[in-house]
Amino acid sequence: MQATLIGIPTDVGASRLGAAMGPDALRVAQLAPALQQLGVAVNDLGNLAGPVNPRGGRDAQGLRNLAECLHWNQIAHDAVLQVLQQSRLPIMLGGDHTLATGSISAIARHCRATGKRLRVLWLDAHSDCNTPESSPSGNLHGMPVSSLCGLGPAELASLSGTTPALPASAFCQIGLRSVDASEKLMIRALGLEVYDMRAIDELGMREVMRRALDGLLGTEGEDTHLHLSFDVDFLDPDIAPGTGTPVRGGPTYREAQLCMEMIADTGRLASLDIVELNPALDLRNQTAELVVDLVQSLFGQSTLMRRDASPAT
Ligand SMILES: NC(=[NH2+])NCCC[C@H](N)C(=O)O
Ligand SMILES: [Mn+2]
């Protein structure tokens, strides 16, 4: 397998500064060597260059840094598309979660061109489906899902060449535990498939992942491009403090490992966003190191317990 790292050092979508240092923290935590150890051929494009954070207030529409967000997402889109066209697996090193608008727009465009079905797993404490009208914060990192479903700011929503970029049914959100009232309505309106922390508590991570990955195994899944949008705040802040909008009560280390291992077992992973890592809030880079550890599982780090990708019952 051949993977390409793309550093996307933006924090213009968030209130707190610091996620722009995420790509380098992942490099310091040895992300590339960790993948190489598993037989993945890795190249690193370095960091994309985009606008600095103007640290502005909210505009007339109530949004923060829309022009800069657009710029970052356009260059993210272009870089990701190029990597996909080289048949390499792009790994986006964020950066705040708005960059997923650009990356997934490129992925949706590529899937359309190659006749692939797209499935997006969204690991996150938040649903990120606010719109400019509903957002309590004006932060664009709370809007990528609605943008991709055609409801965000028009310029962001149309990046993939069609609006919406992909059907809402392509998404599956896991780990949610901080959802605004407006987002609850949006989840319903879009019919998003969601496994919140209560579902993980009640069903267990294994059953949640079995449902989330349904249809990806065997010949049925052959034509599927599986994208993982991994927001670091998915993880419990006790083990992953280095993120700007932490919410207590997230998955444990073992639950997160099982989640990654079950994704690996499908053999369908074709692109990955790692977002919202904020080294300024981390403790001795422990969150970046944890993420690298989890990414190793995601790329098939085998343990004695490794399972074949047979449908768990
Ligand atoms: N990707 C994130 N960390 N998103 C946090 C979003 C928080 C809140 N729902 C908002 O819209 O502002
Ligand atoms: Mn997010």
Side-chain angles (χ1 to χ4, degrees), residues 8-22 53 56-59 61-66 69 72-73 76 92-104 120-149 151-153 156 171-188 190 192 194-197 227-237 240-251 256 259 272-282 287 291 294:
I8 311 178
T10 162
D11 52 18
V12 297
S15 278
R16 299 174 89 163
L17 301 185
M21 298 187 285
N53 194 323
R58 298 171 70 163
D59 66 14
Q61 249 191 301
L63 300 175
R64 216 182 295 276
N65 308 329
L66 177 60
C69 264
W72 275 108
N73 276 288
M92 283 54 83
L93 313 181
D96 73 71
H97 215 161
T98 35
L99 71 86
T101 317
S103 65
I104 297 174
V120 175
L121 295 188
W122 193 276
L123 306 185
D124 206 318
H126 312 88
S127 187
D128 292 349
C129 66
N130 269 306
T131 62
E133 296 73 36
S134 76
S135 171
S137 63
N139 294 332
L140 283 146
H141 73 162
M143 306 183 204
V145 172
S146 47
S147 297
L148 289 160
C149 291
L151 298 168
L156 280 169
F171 285 94
C172 178
Q173 300 197 308
I174 300 168
L176 309 196
R177 55 196 183 274
S178 172
V179 180
D180 299 324
S182 50
E183 291 182 299
K184 290 180 186 160
L185 299 173
M186 184 60 83
I187 287 172
R188 263 225 205 123
L190 291 171
L192 287 176
V194 170
Y195 300 99
D196 61 3
M197 284 312 300
H227 174 74
L228 177 60
S229 206
F230 176 22
D231 187 324
V232 167
D233 68 31
F234 165 71
L235 303 166
D236 193 280
T243 192
T245 50
V247 188
R248 68 177 170 183
C259 170
L272 167 66
D273 305 316
I274 304 172
V275 299
E276 298 290 343
L277 174 65
N278 187 329
L281 302 170
D282 205 1
T287 306
V291 168
L294 291 168

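Along the sequence shown, the residues carry numbers beginning at 1. Note that ligands are numbered from 1 as they come in the structure, with each ligand's atoms numbered from 1 the same way.
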- Note on the structure: Per-atom filter on ligand 1: closer than 4.0 angstrom to a heavy atom of S137 are 10 (C), 11 (O), 12 (O)

- Determine whether the side chain, the backbone, both or neither of D128 has a heavy atom under 4.0 Å from any heavy atom of ligand 1. side chain

- Within the distance-only criterion (no hydrogens, no angle test), does the side chain of D273 pair as donor or acceptor with the backbone N or O of A100 below 3.5 angstrom? no

- Look at the aromatic rings of F171 and W122 and report parallel, tilted or perpendicular, splitting at 30° and 60°. perpendicular

- Under-4.0 Å heavy-atom contact with ligand 1, by part of M143 that carries it: neither

- With rounding to 10 degrees, D231 OD2, the Mn ion (ligand 2) and D124 OD2 define an angle of 90°

- Counting each atom of ligand 1 from 1 as listed, which ones have a heavy atom of E183 under 4.0 Å away? 9 (N)

- Polar-atom distance check: D231 versus ligand 1, any N or O pair below 3.5 Å? yes

- Item | Protein contact of atom 7 (C) of ligand 1 - nearest heavy atom, named by residue and atom, plus distance | H126 CD2, 3.9 Å

- Query: Are E276 and T245 linked by a side-chain donor-acceptor pair shorter than 3.5 Å?
  - Reply: no

- C259 versus L123, closest heavy-atom pair with distance: SG-CD1, 3.9 Å

- Message: Nearest 0.5 Å, please: how far is CG in D11 from OG1 in T98?
- Response: 9.0 Å

- Note on the structure: Per-atom filter on ligand 1: closer than 4.0 angstrom to a heavy atom of D233 are 3 (N)

- Task: Have a look at ligand 1 and work out which part of H97, if any, has a heavy atom under 4.0 Å from it: side chain, backbone, both or neither.
- Result: side chain

- Query: Backbone N or O of M143 within a donor-acceptor pair of the D128 side chain at under 3.5 Å?
  - Reply: no

- Note on the structure: Heavy-atom nearest pair, V247 first then A125, reads CG2-CB, 3.9 Å

- Message: Starting from atom 11 (O) of ligand 1, what is the nearest protein heavy atom, named by residue and atom, and what distance separates them?
- Response: N130 ND2, 3.0 Å

- Query: Within the side chain of T131, is there an N or O that forms a donor-acceptor pair under 3.5 Å with the backbone of S134?
  - Reply: yes

- Report the part of V179 in contact with ligand 1, treating N, CA, C, O as backbone and CB onward as side chain, heavy atoms under 4.0 Å; options are side chain, backbone, both, neither. neither

- Query: Could an N or O of ligand 1 be found under 3.5 Å from any N or O of D124, whether backbone or side chain?
  - Reply: no

- min-distance protein heavy atom vs atom 3 (N) of ligand 1 -> T245 OG1, 2.9 Å

- Does any N, O or S atom in H97 come within less than 2.8 Å of the Mn ion (ligand 2)? yes

- Using distance alone, with no hydrogens and no angle criterion, decide if D231 and H141 have a side-chain donor and acceptor under 3.5 Å apart. no

- Do L99 and W72 have side chains that get closer than 4.5 Å, going by heavy atoms? no

- Query: Which residue from T243, D180, L140, T131 reaches closest to atom 8 (C) of ligand 1 through any of its heavy atoms?
  - Reply: D180

